[in-house]
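Predicted model, so just to flag it, every value in this text is computed and none were measured. Residue numbers begin at 1 in each chain, while the letters A, B, ... track the order of the sequences.
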Amino acid sequence: MPTRYDPLTAEPKWRAAWADADLYRTKSPEEAGDAPKAFILEMFPYPSGRLHMGHVRNYAMGDVIARHRRAKGHNVLHPMGWDAFGMPAENAAMENKVHPGAWTYDNIAAMKSQFERLGLSLDWSREFATCDAEYYGEQQKLFLKLLDKGLVYRKASKVNWDPVDHTVLANEQVIDGRGWRSGALVEQRELTQWFFKITAYADDLLTALDGLDRWPEKVRTMQGNWIGRSEGLQMRFSFDQPPTSVPPEFEAGIEIYTTRPDTLFGASFLALSPDHPLTKQLAQQNADIAAFRAACAKVGTSEEAIEKAEKVGIDTGLSVSHPFIDGKTLPVWVANFVLMGYGTGAVFACPAHDQRDLDFARKYNLPVRTVVLPPDEKPGDFAVGDTAYVGPGTLFQSEFLDGMTIEAAKSATIEKIEAMGCGQRSVNYRLRDWGVSRQRYWGCPIPIIHCDQCGVVPVPERDLPVRLPDDVSFDKPGNPLSHHPDWADVDCPNCGKAARRETDTLDTFVDSSWYFARFASANDLDERAYWLPVDQYIGGVEHAILHLLYSRFFSRAMRDVGEMDLPSGEPFAGLFTQGMVTHETYRSDDGRWVSPSEITRDGDAVTEISTGKPLTVGPVEKMSKSKRNTIDPDTMIETFGADVARFFTLSDSPPERDVEWTQSGVEGAARFAQRVWSLFDAMPEDAATVQVSGKSDLRKYNHRAVAAIDKAVEDFRFNSAVATLYEWVSTLKKSEQPDQQADRAEGCQQLARCLVLFMPHLAEACWHRIGGSGLVAAATWPDIDASLIVDETVTLPIQVNGKRRSQLEIAKDAPQTDIEAAALADADAASFLQGKTVKKVIVVPGRIVNIVAT
RNA sequence: GCGGAUGUGGCGGAAUUGGUAGACGCACUGGUUUUAGGUACCAGCGCCGCAAGGCGUGGGGGUUCGAGUCCCUCCAUCCGCACCA
């Protein structure tokens, strides 16, 4: 009597069995012996309180890898924790009058129970939350070590101020001029902030990208662009004015940076940023310049502003001397398109060969002088109109550079400037130092005390961790720590006088920049050198720049302060970025978004259940609360079981691409689960003990299926592995002949051990059903008999003039002449050769035969 | 503007050393069983054509005995960065 598999009763039972067996506990290096280590890590979640399908997909992928490695004899570290500091907890505190800590730990408890229902092979013994004082205390120690090493510093700087969240944002957190969380237009403010000196590693962070061969090309490119290295010349233009007209600090001249020193003879003016120190000085004496600066500040950094920003400027009245042309002077302008944050905040403009400079020159009638001659142009004829020439060519109208290529001219110019002593070859990066001060409560306190006498004093190690106070109020905007009545009041550790704690906390990206190292050295074991780097890291591509770059910086910084034995400084040897889980959207006539749980579908027609009215089916989009197109993992688990939910997220699309959640697709996965069960349910109860030999077609198929799944998992082609599982189950179900039963039993033994990566509970039930010993979750990967993978005979397609016409069965090692003869003798092929002369027969052994005839 | 990817049936996708295009799943069609329905099982399913056959991997061109795969070119979509000198 066939039975049905009931995941709701089976899944908790097998999870309990795994827990009893303590299967997923990480072994120490000593216990592991010669077994290779495998640190498999998925980006740890923010404890929002609810798991979403994106989590399920992410952790299902990591679980496949972890289980695969474990089955292949690796010592696996597969931990989980919580990225627990951040704004949502404070928002909850403001809205619901709950303490951020209580809110966070409640969420963690709720999410952990959801996690447990998924049946992931995680070692929870290393769990921590970044808001645990033990964790952030260690982070404070790290901060002080980096401070000591000069990798942390304080400076007054213009910052991105989020007027809604009342906090500072890193450049990376400003998207289109708006705060990445609040969406509010960001303002510029001048504050004293703590910075991590990520630029100290700019060059290494860039060049080391080449070595990250198990990272997606896309991520490496994005990081490369973000770091943005450029090579050029930094040089000084001296003023030709009498000294009195120039502010004293700038008497030496104006420093500029350029990547096109070859165009120096085409220079027509200098342009200063509105925020350049010289501009500020001049603004104090010149009302027009002051007004111009004010106008630029108002434009801000909003999307539209930059989009339309016309190039505007103002003449300072100053002029500088051209370094190579005696008596030639260049006017100095202030221009809105020059950024203070890049290079020196001042440029020389060569309008003929730079579009921005050209736009500006045309507007203000400044000279345009060409110095690079395109190939095929004659010196007399060549001129630029409204489009600058930026292509290749040779130098002309440039004295000693005439006739040189651009590259040669760059070098020659730099050498000459260096010889003249007014500049040098220089490398510039787009990357800025990382501002980490945040005016928030729910973050890691910066372990610093400000003393009127002693200045900035680190909190002594014995006083760490600097704990967050519990008694805080959120009724005022801004930082609750600075509103606290006495938390900040301390005695200076140096002189003992009354002093004040730093009330800023660290950017939460700091918390996630080294958590992997904490996992590696949990339980007071210093196993960092053993476990690091992470062998396989898996997470969303949205972290391609920030989190991954900061982590790479931190690993280097920690290495350099002796916190981590990781010579390369690379924390993640392998990185995989998975796609999102998407769903159709539904909208009612009156514009409401309608949840998938509130609809019925008949073919293409979708109806809202409550109103009975038709809905418009919108585009497939990332699951989000705002579009109401989310599917709740809990509901799925209660309906189909965790295995089916996990399986579906891996089955339909390649893992790096988005997967569309569909009801019918999930039902297909659920049907598959039942088919698997019915296969095993029809097997003898001792099928797991059957041993076979021989070379039947079914045995060959079984062993090839194992090999195919092995390879697909290895290559992150989970959807292909799933396809093989489907096919394999169908093949085994059809193998009903009496003489196939032993081989079928072997296939089932192997299938259970492959399936356990994807549907661990079901695989366990199947394994048990056929009398498998122990737990299949603890079983080793099936051995493959290599002799079964290769065929003695092969089926070769026969092509005539490149089109497949027939096929032939022939011994694998048949000589080419035999194959050729067999192909020419083939009746089907012959019918296509009538009236033609065979010119040539191409035999690719084991692949194909192609008869060329005319 | 710069950089990166992607483009294959009605849909998601497979084909990963240049060698049988469309595996597997979804949807759909027909059938069997049971039934109130779902379930389960069998068969079919790129396009044109009665067939023989022809045509087919975004468009066009090329290399090759042979191209989804390599080269050139154009188009479309998505993602990232964006006044970086």
Side-chain angles (χ1 to χ4, degrees), chain A residues 2 4 175-176 216-226 228-230 232-233 256-261 263 271 273 303 306-307 309-311 335-339 341-350 353-357 359-360 390 428-432 541-542 544-545 603-604 620 648 651-654 656-660 662-669 671-672 674-675 678 708 711-712 715 717 719-730 733 795-807 831-832 839-844 846-853:
Chain A
R4 281 185 76 77
I175 295 153
D176 293 334
E217 188 64 45
K218 177 190 167 107
V219 174
R220 291 193 286 170
T221 306
M222 281 166 68
Q223 291 218 353
N225 291 342
W226 192 265
R229 183 181 199 273
S230 74
L233 166 69
I256 61 96
Y257 173 74
T258 181
T259 56
R260 291 297 301 272
T263 62
S273 163
E303 205 173 352
I306 288 177
E307 193 84 3
E310 199 188 346
K311 289 178 181 47
N336 66 340
F337 66 87
V338 182
L339 306 174
Y342 189 79
T344 61
V347 299
F348 87 78
C350 173
H353 305 293
D354 181 287
Q355 192 58 47
R356 293 158 304 185
D357 298 347
D359 293 345
F360 195 85
V390 294
N428 250 284
Y429 297 92
R430 208 189 77 105
L431 184 68
R432 304 264 74 90
V541 73
E542 67 273 20
I545 296 175
D604 287 339
V620 174
F648 180 69
S651 66
D652 255 22
S653 297
E656 69 278 12
R657 250 187 258 178
D658 292 351
V659 64
E660 185 190 348
T662 61
Q663 182 67 18
S664 52
V666 182
E667 284 164 6
R671 269 200 300 277
F672 172 71
Q674 292 302 336
R675 273 211 305 284
S678 77
K711 184 78 168 64
D715 295 347
R717 290 166 21 244
N719 54 325
S720 293
V722 166
T724 304
L725 286 170
Y726 269 103
E727 201 179 64
W728 194 6
V729 169
S730 296
K733 287 201 79 167
T795 305
L796 292 185
I798 302 175
Q799 293 183 336
V800 176
N801 290 333
K803 292 210 159 77
R804 182 185 173 279
R805 298 302 184 186
S806 183
Q807 59 183 37
S831 69
F832 289 92
K839 292 267 171 170
K840 179 149 69 149
V841 180
I842 289 147
V843 177
V844 183
R847 285 290 194 181
I848 205 162
V849 185
N850 190 14
I851 303 169
V852 185

Residues which pass side chain to side chain contact (heavy atoms under 4.5 Å, CB included) with [X], listed by chain and number, not counting sequence neighbours:
X	result
A:Thr259	A:Ser230, A:Tyr257
A:Phe832	A:Val800, A:Arg805
A:Gln355	A:Leu358, A:Asp359, A:Thr387, A:Ala388
A:Ala544	A:Val219, A:Met222, A:Val541

To the nearest Å, give me how far apart [atom1] ([X]) and [atom2] ([N]) are.
X	N	atom1	atom2	result
A:Arg675	B:G25	CZ	P	7 Å
A:Tyr726	B:A23	OH	P	15 Å
A:Asn719	B:C24	CG	P	14 Å
A:Trp226	B:C2	CH2	P	20 Å
A:Gln223	B:G4	CD	P	16 Å
A:Leu431	B:A82	CG	C1'	16 Å
A:Asp652	B:A14	CG	P	11 Å
A:Glu727	B:A14	CD	P	15 Å

Check your understanding: Syn or anti for B:G80, taking syn as within 90° of 0?
Key -> anti
Review point. Would you say A:Asp652's side chain and A:Asn719's backbone share a donor-acceptor pair under 3.5 angstrom?
Key: no
Please pick, from [options], the nucleotide with the shortest atom-to-atom distance to any side-chain atom of [X].
X	options	answer
A:Ser230	B:U39, B:A85, B:G80	B:A85
A:Ser664	B:A85, B:C26, B:G13	B:C26
A:Arg657	B:A85, B:A82, B:G7	B:G7
A:Ala723	B:A82, B:A85, B:A23	B:A23

Suppose you measure atom [atom1] in [N] against the same atom in [M]; what distance do you get, rounded to whole Å?
N	M	atom1	result
B:G19	B:G68	P	10 Å
B:U33	B:C42	C1'	11 Å
B:G7	B:A14	C1'	16 Å
B:A15	B:U57	C1'	11 Å

Check your understanding: Taking only side-chain nitrogens and oxygens of A:Tyr342, does any of them come within less than 4.0 Å of OP1 or OP2 of B:A85?
Key -> yes
Review point. Within the pair A:Lys803 and B:G54, is there a side-chain N or O less than 4.0 Å away from OP1 or OP2?
Key: no
Can you sort out the partners of [X] under side-chain hydrogen bond (donor to acceptor under 3.5 Å, both in side chains), two or more places apart, ordered by chain and number?
X	value
A:Ser806	A:Asp826
A:Glu542	none
A:Lys733	A:Ser678

**Study point:** Residue closer to the 5' end of RNA chain B, A:Lys840 versus A:Tyr257 (nearest nucleotide)
**Key:**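 Of the two residues, A:Lys840 wins.
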Review point. Do A:Lys311 and B:C83 have a side chain to base donor-acceptor pair shorter than 3.5 Å?
Key: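 Pair found.
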Point to revise | Under the salt bridge (Lys or Arg N to Asp or Glu O under 4.0 Å) test, residues paired with A:Glu656 that sit two or more places apart | key: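 Salt bridge (Lys or Arg N to Asp or Glu O under 4.0 Å) check on A:Glu656 returns nothing, list empty.
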Review point. Who passes salt bridge (Lys or Arg N to Asp or Glu O under 4.0 Å) against A:Lys711, sequence neighbours left out?
Key: A:Asp715
Every protein N/O lying under 3.5 Å from an N/O of nucleotides 16-21 of chain B:
| residue | atom | partner | partner atom | Å |
| --- | --- | --- | --- | --- |
| B:U17 | O4 | A:Arg847 | NH2 | 3.1 |
| B:G19 | N2 | A:Gln799 | OE1 | 3.4 |
| B:U20 | O2 | A:Arg804 | NE | 2.9 |

Exercise for review: Just need the stems in RNA chain B: three or more back-to-back Watson-Crick or G-U pairs, each with both distances under 3.5 angstrom, sorted by first number.
Suggested key: B:1-7 with B:75-81, B:10-12 with B:24-26, B:28-32 with B:40-44, B:46-48 with B:53-55, B:58-62 with B:70-74
Output one line per pair: protein atom, nucleotide atom from nucleotides 42-45 of chain B, and distance, for all N/O pairs under 3.5 Å.
none

**Study point:** From A:Ile798 atom CD1 to A:Asn850 atom CG, the distance as rounded to the nearest 0.5 Å
**Key:** 10.5 Å
